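See structure below.
Small disclaimer: the values here were computed from a predicted structure and weren't measured. Each chain gets a letter, A, B and so on, in the order its sequence line appears, and its residues count up from 1.
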Amino acid sequence: MAYDHQEIEKKAQEKWTGLNLYETDLKDETKEPYYLLFEFPYPSGDLHIGHWYAYAITDIYARMLRMRGKNVLFPIGFDAFGLPAENAAMRNGADPAAWTRANIERMKTQIRSMGTSVDWSKEVITCDPSYYQWTQWLFVKLFEHKLAEHREAAVKWCPKDQTVLANEQVVDGCCERCGTEVEEKRLTQWFLKITDYAERLLTGLDALPWREEIKEAQRAWIGKSEGAYLKFPIAGRDEKIKVFTTRPDTVFGATYVVLAPEHPLVAPLLESVSNTREVQDYVSATTKKTERERSEHKEKTGVKLEGISALNPATKEEVPVYLADYVLASYGTGAVMAVPAHDERDFEFAQKFNLPIQKVIEGTTEQLPYIGAGVLINSGEFDGKNSDGAKGNIVTFAGGERTTQYRIRDWLISRQRYWGCPIPVVYDPEGKPHTVPAEHLPWLLPTDVDFKPTGKAPLASSRELGERVTRIFGEGWTPEYDTLDTFVDSSWYFFRYLDSRDAHDFSDVALMKKWLPIDRYSGGSEHTTMHLLYARFFTKALYDLALVPIDEPFTERFNRGLIMGPDGQKMSKSKGNVVNPDEFVKEYGADAVRMYLAFIGPYNEPGSYPWNLDGVTAIRKFLERISHLAEQPTHLEEKPPSGLAQALAKASVKVTEDGDRFKFNTGVAALMILVNEFEAAESVPKAALIDLLIMLAPFAPHLAEHLWEQLGGEGSVHQQSWPVFAKTLVTEIEVVVQVNGKRRGSVLLAPEASEADAVQAARAVSTVASALSGNEPSRVIYVTGKILNFVV
RNA sequence: GGGCAUGUGGCGGAAUUGGUAUACGCGUACGUCUCAGAAGCGUAUCCCGUAAGGGUUGAGGGUUCGAGUCCCUCCAUGCCCACCA
């Protein structure tokens, strides 16, 4: 009775390969293009349930769109550089390249087993020289346009992974990957100038139809704040302390100035202070602290620069100068004016160090610090003015300038690791960096390296790389030993899909014009402030370099929910609640697993759904019922479809609309309702059954193919057109009758029935009449085809 | 501490976006088939009530003929940011 899913799957998959169904002709002019993208996987070697969720759902939509006449680009590739391959190499001496290849092969088999319709012919693998050649080429372009920079800066260093990290890869002061507390180091490294694009990355969000929470997260990450630079001259010296403030309106209340311990003025001032030793001790103590220790909201610490004072540019009064680590060196100017009456941090510091607190804004509460706006007091000629409105004039009065600051930092892309794209740079004998000329690209990753982490980049141990540089560039020239952050590889892969085999260019202009921007991009929420921001930056930068025709890459973005363990907890090996999809595929079939994932909940909401074994068996039973329907010859009479036509039309509209919203849970429900009606019907016409199979095909592609063949269908069910029904002539519609907003019954009316007809019919209903109990309604609300409400 | 989102049965969730709350499915109970079990099939399943009827979308208030949906206050949960001046 039960269908043999393993046999059906094998046969169907072979048939699709034979028909070459899923290789998209990018140059086809007869159909409307649709670019459907999911985040390409890292080849960890095993397909977990999250991958299934991501690929099954997008595959359902890809199949649906093809049947609806679209030319769908649905590509796949592998984000194949990264730490795990290197760790495997260190652990058991594996070759990272071979390890990665083997994992890719294994995952390919698994992805094929799902019955996905991805186009393998356009596959990209980021660790393949034919791909990274263009990553390097793009890096060179960015360098030539001064968007890639080699400079010294304070960087985050992970002592366990022995590499620097991008700001985005530090979470709560710890390495995002391994959880080790991050240290701060000053190193000369490569940066991409994402800060040049901060404003455009921000304003570009406005027009995107993304969920507000994704846009808000990016806005928070970019962190725009408008304010002013003000200068506090140092008494008796030439230097001035430049501060950034968002509250220039409070400058009359600035009773001291604070420098970050790393501030460049600290060294020159040191000779003039009377407590040199104390200051030096403070600086070395704070620089030794980890990132996390410094950001803990403990009691404020600091030290006064004895003998130094600065001039408040508004009051012209001398104020003391402090060093404190609550001021960040890397934001603004690394120095702040402290207004303890109107800032919580300054207030706390002033209390501890007994500094004067000068109130300059009359607030709504007496309590200090008062953070809000209000009426200015103790502010000279500005007394009595509104603090917000006076900002601009106060900046002018104090000799400052208005400015805008962003929280986002430049993207640090150097990694002291082996398994990454080599940075195509060499240094001349003076140590000046030069990009590797195009004819030497791909700049190959050497293989003769020592993987043991020493704090130095593994590439430094390669003899071949050193000899290569000497041979090409001459004696005294040295290679760059760092590799690129893997997020660089994944910032442009969607351009490459359009022309993945091109040896002469990174993509194809005509095809980019035709296919971009990407219509819908599905992925994980963890990439909101990393991959998604980087990819947007890359696109804008390449647009400015006239290399790509678009300046926003992704029209729609859907972050998927999370599949939890059966216990409702996040899946983890230690909890023992990890669901292995392979077992379910073996037991219940790929179709059942796909369709269950579609049914589990709305895909485009950030929910989390517990995996439920009974849910999979339920879907399998549902598929059995369809199979049973198709195998019942007595049901297949060619009679007029009667009431089933309306049911089919309803289901078709629902499945189509819900598909467009990525709400496949209700789409599956619509199919279930349809099947319930089929089973209740005396007979099911073959044509109706075929329409059901076509609608089933995206969800359960193998079974639909099998039953299609059984019913004598030509070709593949996946080549059929999606059923579209003319609006069947509806003769009667149920209108709900309410009295005072409460349901008291319903009447069947013609769809366009007049109010008078509706009222007449409604009053004849006994439950309505008794609810009215003889009273005349004072008001009647009638919404055609929906509701009739009597107000008494 | 700040921002954003979300709260609907025992569970996953639905509600044409202001118009029949609880679709679809899981689970559960009873029945049917069976020597028996499994599977299948059928019926019931938000709460109170024999019924008529009444109540119910985290809590309270408001707007409206009508609120799960809009507004205000509060509570809870999740995510993001966090000494960013």
Legend entry - Integer angstrom distance from the C1' of B/rC72 to that of B/rC83: 33 Å
Inset, instruction - Could you give the distance separating B/rC46 and B/rG9 at their P atoms, to the nearest angstrom? - result: 13 Å
Qualifying side-chain hydrogen bond (donor to acceptor under 3.5 Å, both in side chains) pairs, either residue in [range], two or more places apart:
range: residues 661-672 of chain A; result: A/D658-A/R661, A/D658-A/T666
range: residues 592-610 of chain A; result: A/D59-A/R594, A/S522-A/Y603
range: residues 558-569 of chain A; result: A/R557-A/N559, A/D567-A/N577

Inset, instruction - Look through every strand shown and name the nucleotide pairing with B/rG40 as Watson-Crick or G-U wobble, where both distances are under 3.5 Å. - result: B/rU32
Legend entry - Pairing partner (Watson-Crick or G-U wobble, both distances under 3.5 angstrom) of B/rU22: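 Its partner: none found.
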Legend entry - Salt bridge flag under 4.0 Å for residues A/R219 and A/D206: yes
Legend entry - Any side-chain heavy-atom pair of A/V579 and A/P566 under 4.5 Å: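 They are in side-chain contact.
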Legend entry - B/rG9, syn or anti by chi within 90 degrees of zero: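 This nucleotide is in syn.
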Inset, instruction - Using a cut-off of strictly less than 4.0 Å, decide whether A/R661 has a side-chain nitrogen or oxygen near OP1 or OP2 of B/rA14. - result: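 No, no such contact exists.
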Write out a two-atom table: protein N or O, nucleotide N or O from nucleotides 21-26 of chain B, distance below 3.5 Å.
unit_1 : atom_1 : unit_2 : atom_2 : d
B/rG25 : OP1    : A/N676 : ND2    : 3.4
B/rC26 : O2'    : A/N612 : ND2    : 3.4

Inset, instruction - Take the protein atom CH2 of A/W221 and the nucleotide atom C1' of B/rC81, then report the distance between them rounded to whole Å. - result: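 A/W221 atom CH2 is separated from B/rC81 atom C1' by 8 Å.
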Inset, instruction - Please report, rounded to the nearest Å, how far the P atom of B/rG3 is from the CZ atom of A/R219. - result: 15 Å
Inset, instruction - Could you please name the option among B/rA15, B/rA85, B/rG66 that lies closest to any side-chain atom of A/N789? - result: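 Side chain of A/N789 sits closest to B/rG66.
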Inset, instruction - Could you identify which residues of residues 400-411 of chain A place a heavy atom less than 4.0 Å from some atom of RNA chain B, listed by residue number, or say none? - result: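 Within this stretch, A/R407, A/R409 sit under 4.0 Å of the strand.
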Inset, instruction - List in chain and number order the residues that pass side chain to side chain donor-acceptor pair (under 3.5 Å) with A/K224, two or more places apart in sequence or in another chain; answer none if no residue qualifies. - result: A/E199
Inset, instruction - Answer yes if the ring centres of A/F347 and A/F349 are under 6.0 angstrom apart, and no otherwise. - result: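 For A/F347 and A/F349, the ring centres are not under 6.0 Å apart.
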